[in-house]
**Student:** 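Following this message is one structure expressed as C-alpha cells.
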Amino acid sequence: MATIDKIRKQRTLLIILIGIGMLGFLIPYDAVMALVGVGANKPVGEIGGVNITGQEFSEAVRKRDDLLDYQSRESLENEVWSELLQKNLLEPRFQHDGIGVSDEEFEEIMFGENLSAFAKTTFYGGGTDAAQRENWKTQFDVWQGSDQARYNGYKDAVIEKRKMEKWDNLIKRGIYANAVDGKYDYKYKNDNRSFNYVLAPYDAVGDSLISYDEGDLRAYYRAHKDDVKYEQKTERDIEYVEFKIEPTEEDIANITKELEDIKGKWMTASDDSAFCVLNSNTGQYFRFDYKDGDFQGVENDNMVNDSIGSIIGPYKWNTFMRVVKILDRSQLPDSVECRHILLKSNPGDNLASLQSEADSIMGLITSGKESFEAMVSKFSDDVGSVDKGGVYEWFARGRMVKPFEDACFKGKVGDITTAQTQYGIHIIEILGQKDFGTVMNMASIDRPLKPSPQTIKDGYNSANELAIMFNDLESFENAVDTMGYSLTPANGLTPNAARVGGLSNAAEVARWAYSAEVGEISTPIQLGDKYVVAALVAARKAGVPRFEDIKDQIEIEVIKQKKAEYLIAKMENIDDLQQIADAVGSKVSKASKVPMVRTNLPGSGKSEKETEVVGFAWGVPVGHITSPLIGNAGVYVISGTEEAEFADAKSNYIEEQDALIKTVQNKAAALSQGFYGAIKRTAKVEDNRYGN
C-alpha cells in the first residue's frame, strides 16, 4: 500500500509521461524532445566559444560509427568529441604553422611505403604488406566512384589524425638541448656543497600543541584557492547499491532438468550433428578434444573410461551446465613440429581463388618439382617464419588457431595439407609429432547458468522498491543501513568514466550522474548481471573549488602552517645550531657533498621534496646560520660549513647534451598533451554531453 500511495502522489508526473508517450505516436521524436527542452539544437558543449549542437554531435557520431568499429558507444563518442576539440582548437594553429595534408601525401600515408601511424593500425593491423596496400587502394578507388560519403569519411579521418601526428612531431622536434644546457646539467650533477642542518619535523609536534579555527581555514582558502593543485575539475560523487542477479537453486534445477530431457532424446538420435544444431543455444555443432584430467570433476572418469557413444552429464562447466557425448577415441600427440606457407587473405579476397593457388603450390611440392623451402621464400606472407624456412618448432595444443592445430595434430608426419584460418590459406607439412596419448573427441550441448526471467524480475523489483520508497538522500542512506545493503561510494566521476567505483562498463551510471540533481536517487540501472541504484551526493563544476570541497586538504596545510609557527617560536633568538636542535628536540645533521640536483637533504629520513631548502643551502656563507626555513617535512635551519666544490671543466659536454635531448624527447608526448591541455584550459571548453 505504501508504494501505491507514493505513486498516487506522483499522479501529475505520470499523466505528463503518459501524454508524452502517446504524443510519440503522432509527432516525430525530435519534436517531442524539443517540447521537453532536449531539442536537436540544444548545445552538448562549447569549444572555444563555439556551441556544439546535439544535432551536429549526433551526425558526427553517426558518420564515424558507419566507418569504424568501436568497443563501446562511449569510446566512439569520446573519439568524435576529441576530433571536434581538435577541429575547433588546433585547426587555426595547424593553418598558422603550415600543417596540412595534400592529396599526394594522403596517397602516400594511406597506400604508400610510409603509412601513417593511424592508417597502419586501423586499416593494416600493424602490417605494411604491399598486396594489402594495393587492395586498399583499389577499394578506395571504388568508393570514390560509387560511395563518395564513405570515401570522404575515411579520407578525412586519416588526414585529421595525420595533422595531429605532425603537430606532435613538430613539438618533439622543437624540444632541444644545446651545449650550454649540457654544461649546466653536468655542473648541477657534479658541483657540490657540504653543510650542517637541523630539521624539526612537523610529525614530532602533537596536534594538541597547536590551535586553529574556521577563520584560519577560510583565510588559507582565500589566499590559495587559485593554486593549480586545487584546480577543480568537473566531477560527480555518488553512492550506490548493487543488486547482483544470480541463478537461484530453482533456476539451476530447471536448467539441469532441461538438459536431462535433451540427454534422453540424444540417446536415440541418429545424427549427432543435426541433433546438436537443433538443441544448442548457438545453432552450432560444437566438438572438442578431451584428455584425461582436463576437467577436475567426477565426470572425468566417465569421459576417459565410458564406451564410445556414452552421454555424460549434466554437469557444471565454468558458467555453463553441459552434457557431452563421446564420439571417438584416438592416439594423438601432445606436441608437433611443422612448417608452412601462408597465403594471406585481405578484405574482399576470393578465398576459392586463394585455395586454388594453394593447391597449385602444394602440387608442385608433392610432385617434387619444387622444394618446400623454395616455395616458402617465394610465396609465404608469414614474415615471422620465412627466415626459418616456414618452420614452427615444437608447440603444444592451444598455441595455434584451431584449423591450423587440427591439421598438425590429426595428420601424420610427412603429410602436406592445407588449412583455412582468419589469416588466409596455410600449406602445412608435418615434420614431427611426439608424446602420444589417448584423446577423446566429444560433442557438447550447453546451457548458460543464468537467472530465469522471474529471478531477474524479482531482482529488479527489489532494486526498484528501494529507489521508489526512499527517494531522497537521507532516507536512502538510512534505508540501506537498516535493510543490510552495502553502500559503496564512488567519488570524482568524470563525464565519460567507464569504471565507477567497483563497477566496470558502467558509463551508464556516470551518464545518469551528469543528468541528475544532487540528492536524486536513480531508477535501477542494469549493468550485465546486476542492477544498480545510485544516489548523487555532490556535483562540482570546473574552476575555483568551493571551500567545502577542499576543506580537508586545507586543514592539512593549516596544521603544517601552525606547527611551523610553533617550531619557529622555539627557535627564536638562538644563533647556535646545537642549541636550536636542543630547543626543538632534534639533532644536528651533516650533509656532505650535496649536488644541486638533490631534491631532499641526506640523512633527514624524509621523502618529501625540499628543492627550495636545498637551494637555500647552496647560498649560505660558511659560518652563517639561516633563519628558520619552512619546508614540506618540517622547519630547517642550515649552517654553511665548507665552500662549494666545483667539478673540473670538460673540453665538451656532448655526452650530457645527448642525454638531455634523449630525456626531453622521451617526454615529448607528455609535453604535447600538456600544451594541448593548456590550450583547452585557456579556451572555454564545456563538455555537457552527459548533462549540465
**Student:** Sequence neighbours left out, what pairs pass ring pair (Phe, Tyr, Trp, His ring centres under 6.0 Å) with at least one residue falling in residues 579-600?
**Tutor:**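 Qualifying pairs: none.
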**Student:** Report yes or no: is the cationic atom of Lys155 (NZ for Lys, CZ for Arg) closer than 6.0 Å to the six-membered ring centre of Phe106, at no more than 45° off its axis?
**Tutor:** yes
**Student:** Run the salt-bridge test on Arg93 and Asp97 with the 4.0 Å N-O cut-off and return the result as yes or no.
**Tutor:** no
**Student:** Any Lys/Arg nitrogen of Arg511 or Glu508 sitting under 4.0 Å from an Asp/Glu carboxylate oxygen of the other?
**Tutor:** yes
**Student:** Start with the C-alpha gap between Leu493 and Ile238, add the side-chain angles, then the distance that decides, and say whether side-chain contact (heavy atoms from CB on, under 4.5 Å) holds.
**Tutor:** CA-CA 8 Å; Leu493 302 188; Ile238 69 167; 4.0 Å; yes
**Student:** Looking only at atom types and distance, does a side-chain atom of Asn632 sit under 3.5 Å from a main-chain N or O of Lys609, one as donor and one as acceptor?
**Tutor:**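 Checking the backbone N and O of Lys609 against the side chain of Asn632, a donor-acceptor pair under 3.5 Å is found.
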**Student:** Evaluate the side-chain contact (heavy atoms from CB on, under 4.5 Å) criterion for residues Ile47 and Trp81: first the C-alpha distance (whole Å), next the side-chain angles of each, then the deciding distance (0.1 Å), finally the verdict.
**Tutor:** CA-CA 10 Å; Ile47 302 174; Trp81 179 254; 4.0 Å; yes
**Student:** Grab the two heavy atoms, one from Lys563 and one from Val205, that are nearest each other, plus how far apart they are.
**Tutor:** NZ-O, 2.9 Å
**Student:** May I ask you to decide if Val620's main-chain N or O and Arg193's side chain share a donor-acceptor pair within less than 3.5 Å?
**Tutor:**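 Yes, the answer is positive, given that a donor and an acceptor are paired below the 3.5 Å cut-off.
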**Student:** Minimum heavy-atom separation for Ala617 to Ile638, with atom names?
**Tutor:** CB-CD1, 3.8 Å
**Student:** With no hydrogens and no angle check, is any side-chain donor or acceptor of Asp216 less than 3.5 Å from a backbone partner on Asp213?
**Tutor:** yes
**Student:** Any carboxylate oxygen within less than 4.0 angstrom of a Lys/Arg side-chain nitrogen, looking at Glu645 and Lys593?
**Tutor:** yes
**Student:** Taking all atoms of both residues into account, what is the closest heavy-atom pair of Gln86 and Phe94, and its distance?
**Tutor:** NE2-CE1, 3.7 Å
**Student:** Could you name each residue pair satisfying ring pair (Phe, Tyr, Trp, His ring centres under 6.0 Å) that touches residues 533-590, not counting sequence neighbours?
**Tutor:** Tyr221-Phe547
**Student:** Tell me whether Glu656 is salt-bridged to Lys650, with the criterion being a basic N under 4.0 Å from an acidic carboxylate O.
**Tutor:** yes
**Student:** Parallel, tilted or perpendicular, judged at 30° and 60°: which one describes the rings of Tyr188 and Tyr184?
**Tutor:**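 If you compare the ring of Tyr188 with that of Tyr184, the planes turn out tilted.
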**Student:** For residues Ala542 and Thr234, report the shortest heavy-atom separation together with the two atoms involved.
**Tutor:**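 Where Ala542 meets Thr234 most closely, the heavy atoms are N-OG1, 3.4 Å.
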**Student:** Test your reading of the model: is there a side-chain donor-acceptor pair from Gln657 to the backbone of Ala177, 3.5 Å cut-off?
**Tutor:** yes
**Student:** What do you reckon, is CD of Glu612 surrounded by more than 12 foreign heavy atoms closer than 6.0 Å?
**Tutor:** no
**Student:** Could you check whether any side-chain N or O of Ser515 sits under 3.5 Å from a backbone N or O of Trp512, counting only pairs where one atom can act as donor and the other as acceptor?
**Tutor:** yes
**Student:** Are Lys163 and Glu91 close enough for a salt bridge, meaning some N to O gap below 4.0 Å?
**Tutor:**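 The answer is yes: the pair qualifies as a salt bridge.
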**Student:** Let me see the working for Phe476 and Leu487 under side-chain contact (heavy atoms from CB on, under 4.5 Å), right down to the final yes or no.
**Tutor:** CA-CA 10 Å; Phe476 177 77; Leu487 189 64; 3.7 Å; yes
**Student:** Tell me, do Val158 and Phe123 make a side-chain contact under 4.5 Å, heavy atoms counted?
**Tutor:** yes
**Student:** Measure across Tyr240 and Val500 and return the closest heavy-atom pair with its distance rounded to 0.1 Å.
**Tutor:** OH-O, 3.8 Å
**Student:** Got a donor-acceptor contact below 3.5 angstrom from the Glu610 side chain to the Leu601 backbone?
**Tutor:**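 No, the answer is negative, given that no donor and acceptor are paired below the 3.5 Å cut-off.
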**Student:** In terms of side-chain geometry, is the basic nitrogen of Glu79 or Lys161 positioned less than 4.0 Å from the acidic oxygen of its partner?
**Tutor:**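 Looking at Glu79 and Lys161, the cut-off is met.
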**Student:** Gln578 and Ile580: side-chain contact (heavy atoms from CB on, under 4.5 Å), yes or no, with the steps?
**Tutor:** CA-CA 5 Å; Gln578 184 59 58; Ile580 291 173; over 6 Å; no
**Student:** Using a strict 4.0 Å threshold on nitrogen-to-oxygen distance, state whether Lys606 and Asp203 make a salt bridge.
**Tutor:** yes
**Student:** Would you indicate whether Lys244, at its atom NZ, is surrounded by more than 12 heavy atoms from other residues, nucleotides or ligands within a distance under 6.0 Å?
**Tutor:** yes
**Student:** Can you tell me if Asn478 has over 12 outside heavy atoms packed within less than 6.0 Å of its CG?
**Tutor:**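 For Asn478, atom CG is crowded (more than 12 foreign heavy atoms under 6.0 Å).
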**Student:** Hey, does the side chain of Tyr124 reach the backbone of Met110 with a donor-acceptor pair shorter than 3.5 angstrom?
**Tutor:**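 Looks like yes, one N/O pair under 3.5 Å.
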**Student:** Cut-off 3.5 Å, side chains only: do Glu165 and Asn169 have a donor facing an acceptor?
**Tutor:**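 Result is no, nothing qualifies.
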**Student:** Should the pair Lys189-Asp185 be classified as a salt bridge under the 4.0 Å nitrogen-to-oxygen rule?
**Tutor:** yes
**Student:** If every non-hydrogen atom of Leu217 is compared with every non-hydrogen atom of Glu555, which pair is closest and at what distance?
**Tutor:**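 The pair with the smallest heavy-atom distance is CD2-CA, 3.7 Å.
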**Student:** So, the side chain of Asp237 versus the backbone of Gly492: is there a donor-acceptor pair under 3.5 Å, distance only?
**Tutor:** yes
**Student:** Which pairs with one or both residues in residues 610-655 pass ring pair (Phe, Tyr, Trp, His ring centres under 6.0 Å), sequence neighbours excluded?
**Tutor:**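 Checked against ring pair (Phe, Tyr, Trp, His ring centres under 6.0 Å) - neighbours excluded - the pairs reaching residues 610-655 are Tyr186-Tyr653.
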